[in-house]
Every structure is written in C-alpha cells, then in structure tokens.
Amino acid sequence: MSSIFPRWTNHLPTAAAAAVPVLGLGVAVGVTYFFSPYYTDVGYSPEQPVAYSHELHAGEMGIDCRYCHNTIEYAGYAAVPATGTCMNCHKYVGTERESLAAVRESWDSGESIPWMKIHQLPDYAYFNHSVHVSAGVGCVSCHGRVDHMEEVYLQEPLSMGWCMRCHRNAEVNLRPPSEVTNMAWSAEEEGYDVTQDKTHPYNTRGINPPQNCSGCHR
C-alpha cells in the first residue's frame, strides 16, 4: 500500500524541533531590543517651539548649565528656563531676529513658551536632581555632551537597568562637585579617583546609592 505522504515529510518533525528554538530565540532577541528604551527612546528629539542651540550657548559661549536650569542643585527637578532668563540677553542680542519671535511674544504676553520635555521618567520612578548633583554626578553622565548638540536629544535610555549599573558602580561615575557642569572634564584624563579624594561627599557622607526597590519606587 502506498503511503499518503511523500517520504521527505518524515524529516519535518526533526526540522521543526530544530527550527522552533531558533525562532523562539530570534523572537526573544527581537522583542528585547525593539521593545527596549535603547530602540524606542534613545535619539528622541522633539521639535521645539524655538530653535535653541545648546552647541552655541553651552558650547561656544560656555554658558553654565545652572544659568538656565537653576534648580538642579537645590530641587528634585531641573527647571526649564523662564522667558525672562532668555530675555536677559535677548533684550540686547538678536532683538529683531525672526527665530526669536516666540520668545518676544512670550515676554510681552506673560505666557510661557511651551517647551517639549526630552528627558522624562515614568511617574512611578522617584528621581531627585539635587541629590545626584551634590553627590558629584556630572550632567554629561545622563544627558551626554549637550554642548556639542545643535538640537538636544535623548542619548541614554534612562531605563531601570541603566540606572542600576551606575548605582552598583557609583565610584566610577562621580567627579568633584565643582566639575559637575563641566562637560569636558574627564576622570581618566585628570587621573582622578574619587575613593582617594577625602573631601568628596562619597567619602565624607558615605554615599551608597540604593539598590533596593524602595530607593526609586516609593
């Protein structure tokens, strides 16, 4: 009696047994990457209501981060600069420039400029800017070289795993508090070791970043 299926179909169960794990691994790897903040969030750069160049202001002109984001040392959040901060200079510089029309309108009307936030954490994650700044975490560690960015974008994923890698090895990410806003400062180039700096908060305050859930999820 002739068989219903051709002889080559006898190999299908073996081929399926070999293909399913490979397919499953491919799906797992794909989901892990394409659903992660490294793919979905990094590079995020929304269009702002005013074209503001960090490369010009923070880079070429050397304006300190704290001039515009003046709460980072004292509050849990980094303030978006008020229009008055912009107008401190632009009352005298670029007073007729079309690209600054929205700034002048905001100043005249008292209405805030609707800046788009780039670095965002979910509401269930607690983060305090002043704690990190006072501990010696440089702006560049989280925000990248914004002094080289014409348009600021999200350089780091700001994911839990990314935060935990720093919390587990804090000493390699700390610098003197006086250098926190210095984007060009490098511990390697300076030969700096925070564990040997007896005046650093890491040693004077015994900084030990939390690694338990309640440290960030309160």
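Since this is a predicted model, take the numbers as computed values, not measurements.
- Under a 3.5 Å cut-off, the side chain of Thr71 and the backbone N or O of Ala79 do form a donor-acceptor pair.
- Here the side chain of Ser109 pairs a donor or acceptor atom with the backbone of Glu105 at under 3.5 angstrom.
- Ring centroids of Tyr126 and His217 are separated by 6.0 Å or more, keeping the two rings apart.
- Under the 4.5 Å side-chain heavy-atom criterion for grouping Ile, Leu, Val, Met, Phe, Trp and Tyr, Tyr77 is not connected to Val131 through any hydrophobic cluster.
- Between Glu47 and Met116 the shortest side-chain heavy-atom distance does not fall below 4.5 Å.
- A donor-acceptor contact under 3.5 angstrom links the side chains of Asn88 and Tyr67, judged on distance only.
- Looking at heavy atoms from C-beta onward, Cys163 lies out of side-chain contact with Cys216 at the 4.5 angstrom threshold.
- The OG1 atom of Thr204 sits 11.0 Å away from the NZ atom of Lys198 when rounded to the nearest 0.5 Å.
- Contact record, His200 with Gly136: NE2-CA, 4.2 Å, taken as the closest heavy-atom pair.
- At most 12 non-hydrogen atoms from other residues, nucleotides or ligands lie less than 6.0 angstrom from CE of Met160.
- For the atom pair Cys142 SG and His132 NE2, the distance stands at 7.0 Å (nearest 0.5 Å).
- When all heavy atoms of Ile113 and Pro49 are compared, the closest pair comes out as CG2-CG, 3.5 Å.
- If you take CG on Asn182 and CG on Asp64, they are separated by 9.0 Å, rounding to the nearest 0.5 Å.
- Counting heavy atoms from C-beta on, the side chains of Leu154 and Leu158 come closer than 4.5 Å.
- Of all heavy-atom pairs between Met183 and Cys139, the closest is CE-CB, 3.9 Å.
- Note on Val133 and Leu174: separate hydrophobic clusters, where clusters join Ile, Leu, Val, Met, Phe, Trp and Tyr whose side-chain heavy atoms are under 4.5 Å apart, directly or indirectly.
- Separation of atoms CG (Asn128) and OG (Ser134) is listed at 8.0 Å; rounding is to 0.5 Å.
- Counting non-hydrogen atoms of neighbouring residues, nucleotides and ligands closer than 6.0 angstrom, the OH atom of Tyr39 reaches no more than 12 such neighbours.
- More than 12 heavy atoms of other residues, nucleotides or ligands lie within 6.0 Å of CD in Glu156, so this atom counts as buried by the packing criterion.
- For Glu96, the CD atom sits in a loose shell: 12 or fewer heavy atoms of surrounding residues, nucleotides or ligands are nearer than 6.0 Å.
- Remark: His129 pairs with Phe127 by the ring-ring contact (aromatic ring centres under 6.0 Å, His included) rule, at least two apart or across chains.
- The main-chain N or O of His57 is never found under 3.5 Å from a side-chain atom of Glu60 such that the two would form a donor-acceptor pair.
- Rounded to the nearest 0.5 Å, atoms CZ (Arg104) and SG (Cys86) are 12.0 Å apart.
- Looking at Cys68 and Tyr52, their side chains come closer than 4.5 Å, going by heavy atoms from C-beta outward.
- Thr195 approaches Tyr202 most closely through the heavy-atom pair CG2-CE2, 3.9 Å.
- With hydrogens and angles left out, the side-chain atoms of Glu150 and Ser53 include a donor and acceptor closer than 3.5 Å.
- The distance between the ring centers of Trp185 and Tyr192 falls below 6.0 angstrom.
- Both Tyr38 and Tyr153 belong to a single network of hydrophobic side chains, linked directly or stepwise wherever heavy atoms of I, L, V, M, F, W or Y lie under 4.5 Å apart.
- Taken from CG in Asp41 to CD1 in Ile118, the straight-line distance is 12.5 Å, to the nearest 0.5 Å.
- The backbone N or O of Glu111 sits less than 3.5 Å from a side-chain atom of Ser106, completing a donor-acceptor pair.
- If you chain together hydrophobic residues whose side chains sit under 4.5 Å apart, Met87 and Trp115 fall into the same group.
- Residues Val140 and Arg175 have side chains in contact (heavy-atom distance under 4.5 Å, counting atoms from C-beta outward).
- Using a 3.5 Å distance cut-off with no hydrogens or angles, the side chains of Ser141 and Asn173 do not pair a donor with an acceptor.
- Using a 4.5 Å heavy-atom threshold, the side chains of Ile207 and Pro209 count as touching.
- When all heavy atoms of Met149 and His143 are compared, the pair lying nearest together is CE-O, 3.5 Å.
- Residues Val152 and His119 are in side-chain contact: their nearest non-hydrogen atoms beyond the backbone lie under 4.5 Å apart.
- Taking 4.5 Å as the limit, some side-chain heavy atom of Arg66 sits within range of a side-chain heavy atom of Ile72.
- Taking every heavy atom of both residues into account, Gln155 and Gly144 meet most closely at NE2-CA, 3.5 Å.
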